[in-house]
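Take this structure, written in structure tokens, and hold onto it; I'll ask about it next.
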Amino acid sequence: MSDKTLLDLLGTFHSARVLILGDLMLDRFVYGSVERISPEAPIPIMAVERTVDMLGGAANVARNVATLGAQATLIGVVGQDPIADNMRTQFALIPTVRAELIPDPHRPTTIKTRHVADRQQILRTDIESRAPVDESVATTLLARYRELLAHTDVVILSDYAKGVLCERVSAEAIDAARAAGRMVLVDPKARSFQKYRGASVLTPNRHELEVACGHVCAHDREIEAGARVAMDQARCEAVVVTRGKEGMSIVRRDGATEHIRTVAKEVFDVSGAGDTAVATLGLGLANSAELSDAVRLANAAAGVVVGKYGTASVTTGEIIARLGLTEEGQISSKHFSLDSVQQLVEHWREQGLRIAFTNGCFDLLHPGHVSLLNQARQAADRLVVGLNSDLSVRRLKGPERPVQGEVARATVLASLKVVDAVVIFGEDTPLKLIEVLAPDVLVKGADYTVDKVVGADLVTQRGGSVLLAELVPSQSTSSTIARMNAHRK
């Protein structure tokens, strides 16, 4: 597949609907440093500096679906405890995830706590139950799952061996999905993949494949042999093996194989990389992509996320920057991730160039947008545009927006001569971008006042300036959409 077609595929992600069923958990990271050994026992004493809680397991799959711009519905089981409340609070901040959390007072909400000292994990503690869910809970879960099947494009089963995807739930969930004509992807943990009979695609990592097939899978041929055993067990159509720094391998039932090497540059933390891979793969297949093309994007996404600390997620902008995708299939000079744009800005500064920055949703580009961008570019030598991701647009403007996905909006902006770089951001405001990029000129429309412009104080404290661009009357995306709706009625 050409890079142009991969870019087109990424541009379809925002329209996909994914149903995720599996084991929910909270990933807690306790960060600190170790400077001495305990006098009570030969163990390190860790001075705790901060604690970060992140959605993990099936919840992290849903979070990755959301950050890639799509709609996720998540079904899982939690206890009646503060950890479950913590997860509900986090889900409330992600408007494109519909979380169906079924309470079970007889089991705890799973939490994995990792202690990280000086970038090295020194201890992990787990609170969990591995027992299969009670029959009554399974019945409730499956009933809700069947109701939601009609409103999804693809199903992902995220099995972390915590009891939700027991034999009954796995079998009935796969059968119901296939009867409804939906593809089923499984991220497996069972010792035998017979549990997943009828699934479309399995995505084991190398260790999980070795456990299931019973032999070492260190090299390509061993991977292929192990995958064929797995396919015989699960009666699935394909096995996609995630192999860490060696990339991913596709083995199909028709005998075709393909080994896609990794695009990771640095590996800081592999936590949740499998969640990112299966979420990206699911979005590709939800939009009728060829399996190999969806795997290429999943491989790139996993390569991005292992370069982050904690149970991280990935955006389409980061995938574009990793693969260097443009309309012509060449490496772009208008990157779509913060890291790549930061490098560009540093290079421009070395040349003595002044940097302007503006931001917005830029949904349905209109003359008002063009005027603002022109004024911004005239104020400096280079113009960087911060573009709200699909997820942040939905938080700001509601579930029906944006009209165009972030890839389409970024591509349109990058095609404008006055725009020198585009960076997609997932936060509600561009404050982080402004802190990192430190523009010389910060530009917003004249409907703002300087004291209301996010980041204005940071720019002026560094000796920069704030420009309030003149507005074009009666031009806004919201009014355009309103006129379109009125015309349709």
Side-chain angles (χ1 to χ4, degrees), residues 3 7 263 265-266 300 304 307-308 314-362 365 369-389 392 406-427 429-445 448 450 453-470:
D3 284 350
L7 185 61
V263 293
K265 294 181 179 179
E266 287 187 278
V304 171
K308 303 180 180 183
V314 68
T315 67
T316 55
E318 290 170 325
I319 297 174
I320 292 170
R322 177 69 69 182
L323 294 177
L325 299 181
T326 68
E327 290 188 65
E328 295 78 24
Q330 304 296 322
I331 294 178
S332 176
S333 62
K334 299 184 178 182
H335 301 270
F336 299 136
S337 74
L338 179 55
D339 288 343
S340 54
V341 171
Q342 185 180 6
Q343 292 175 19
L344 276 177
V345 168
E346 290 172 357
H347 175 66
W348 291 333
R349 281 224 166 80
E350 290 173 357
Q351 297 176 311
L353 302 177
R354 284 168 52 81
I355 313 300
F357 176 88
T358 191
N359 68 280
C361 301
F362 295 98
L365 200 68
H369 291 142
V370 175
S371 175
L372 181 142
L373 294 171
N374 280 326
Q375 293 177 65
R377 184 61 169 79
Q378 291 168 8
D381 302 301
R382 295 289 184 270
L383 172 60
V384 177
V385 178
L387 179 68
N388 288 82
S389 70
S392 66
E406 60 195 48
V407 174
R409 292 182 286 123
T411 302
V412 170
L413 283 171
S415 70
L416 300 178
K417 185 177 180 179
V418 296
V419 175
D420 297 289
V422 179
V423 55
I424 300 173
F425 66 97
E427 299 81 16
T429 77
L431 185 61
K432 178 182 176 182
L433 300 189
I434 295 168
E435 290 175 341
V436 172
L437 300 177
D440 302 291
V441 184
L442 180 59
V443 183
K444 290 295 288 184
Y448 283 80
V450 172
V453 176
V454 172
D457 54 339
L458 294 177
V459 173
T460 55
Q461 287 168 11
R462 291 169 173 160
S465 60
V466 178
L467 170 65
L468 300 180
E470 295 181 10

Over all atoms of both residues, closest heavy-atom pair of A356 and A376: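 Minimum heavy-atom separation between A356 and A376: CB-O, 3.5 Å.
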
At what distance, to the nearest 0.5 angstrom, does CZ of F425 lie from CG of N388?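 Between atom CZ of F425 and atom CG of N388 there are 3.5 Å.
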
Counting only heavy atoms not in E470 (residues, nucleotides, ligands), do more than 12 fall under 6.0 Å from its CD?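 Atom CD in E470 is not packed in, count stays at 12 or less.
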
Can you pull the salt bridge (Lys or Arg N to Asp or Glu O under 4.0 Å) pairs that have at least one residue in residues 406-415, sequence neighbours excluded?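 Checked against salt bridge (Lys or Arg N to Asp or Glu O under 4.0 Å) - neighbours excluded - the pairs reaching residues 406-415 are D390-R409.
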
Measure the spacing between NE2 of H369 and SG of C361 and express it to the nearest 0.5 Å.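 Taking NE2 in H369 and SG in C361, the distance rounds to 8.0 Å.
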
Between atom CD1 of I424 and atom OG of S389, what is the distance when rounded to the nearest 0.5 Å?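 The CD1 atom of I424 sits 8.0 Å away from the OG atom of S389.
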
How close do L442 and G455 get, counting heavy atoms only, and between which atoms?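 Distance-wise, the nearest heavy atoms are CD2-C, 3.7 Å.
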
Would you indicate whether the side-chain heavy atoms of V384 and L437 approach each other to under 4.5 Å?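 In contact.
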
Could you tell me which residues satisfy side-chain contact (heavy atoms from CB on, under 4.5 Å) with E435, sequence neighbours excluded, listed by chain and number?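 Once residues adjacent in sequence are excluded, the partners of E435 under the side-chain contact (heavy atoms from CB on, under 4.5 Å) criterion are L431, L458.
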
Nearest heavy-atom pair of R354 and D440: which atoms, and what distance?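 R354 and D440 have their closest heavy atoms at CA-OD2, 3.3 Å.
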
Verify side-chain contact (heavy atoms from CB on, under 4.5 Å) between L365 and L413, making sure each step is shown before the conclusion. CA-CA 8 Å; L365 200 68; L413 283 171; 4.2 Å; yes

Smallest separation among heavy atoms of L387 and A410, with atom names: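 Where L387 meets A410 most closely, the heavy atoms are CD2-N, 3.5 Å.
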
With sequence neighbours left out, what residues match E346 under side-chain contact (heavy atoms from CB on, under 4.5 Å)?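 E346 satisfies side-chain contact (heavy atoms from CB on, under 4.5 Å) with Q342 only.
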
Check whether any side-chain heavy atom of V459 sits under 4.5 Å from a side-chain heavy atom of P439, and report yes or no.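 SC-SC contact between V459 and P439 confirmed.
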
I'd like to check N359 versus K444 (side-chain heavy atoms, cut-off strictly below 4.5 Å). Are they in contact?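 A side-chain contact exists here, since the closest heavy-atom pair is under 4.5 Å.
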
side-chain contact (heavy atoms from CB on, under 4.5 Å) evaluation trace for T429 with I434: CA-CA 10 Å; T429 77; I434 295 168; over 6 Å; no

Pairing residues for V419 by the side-chain contact (heavy atoms from CB on, under 4.5 Å) criterion, not counting sequence neighbours: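 Testing V419 for side-chain contact (heavy atoms from CB on, under 4.5 Å), a comparison that skips the adjacent residues, returns L373, L383, V385, L416, V422.
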
Which residues pass the side-chain contact (heavy atoms from CB on, under 4.5 Å) test with S371, sequence neighbours left out?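 Counting only residues at least two positions away or on another chain, S371 forms a side-chain contact (heavy atoms from CB on, under 4.5 Å) with Q375, V472.
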
Looking at every non-hydrogen atom in both residues, tell me the closest pair between G426 and S392 and how far apart they are.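 It is O-CB, 3.4 Å.
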
If every non-hydrogen atom of L468 is compared with every non-hydrogen atom of G445, which pair is closest and at what distance?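 Closest approach of L468 to G445, heavy atoms only: CD2-O, 3.9 Å.
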
Rounded distance [0.5 Å steps], CG in D339 versus CG in L344: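 Reported to 0.5 Å precision, the distance equals 11.5 Å.
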
Please list all pairs passing the side-chain hydrogen bond (donor to acceptor under 3.5 Å, both in side chains) test where one or both residues lie in residues 376-386, with sequence neighbours left out.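 Matches after skipping sequence neighbours: R377-D420.
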
Measuring from atom OG1 of T316 to atom CG of L7, what distance do you get when rounded to the nearest 0.5 angstrom?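 Between atom OG1 of T316 and atom CG of L7 there are 9.5 Å.
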
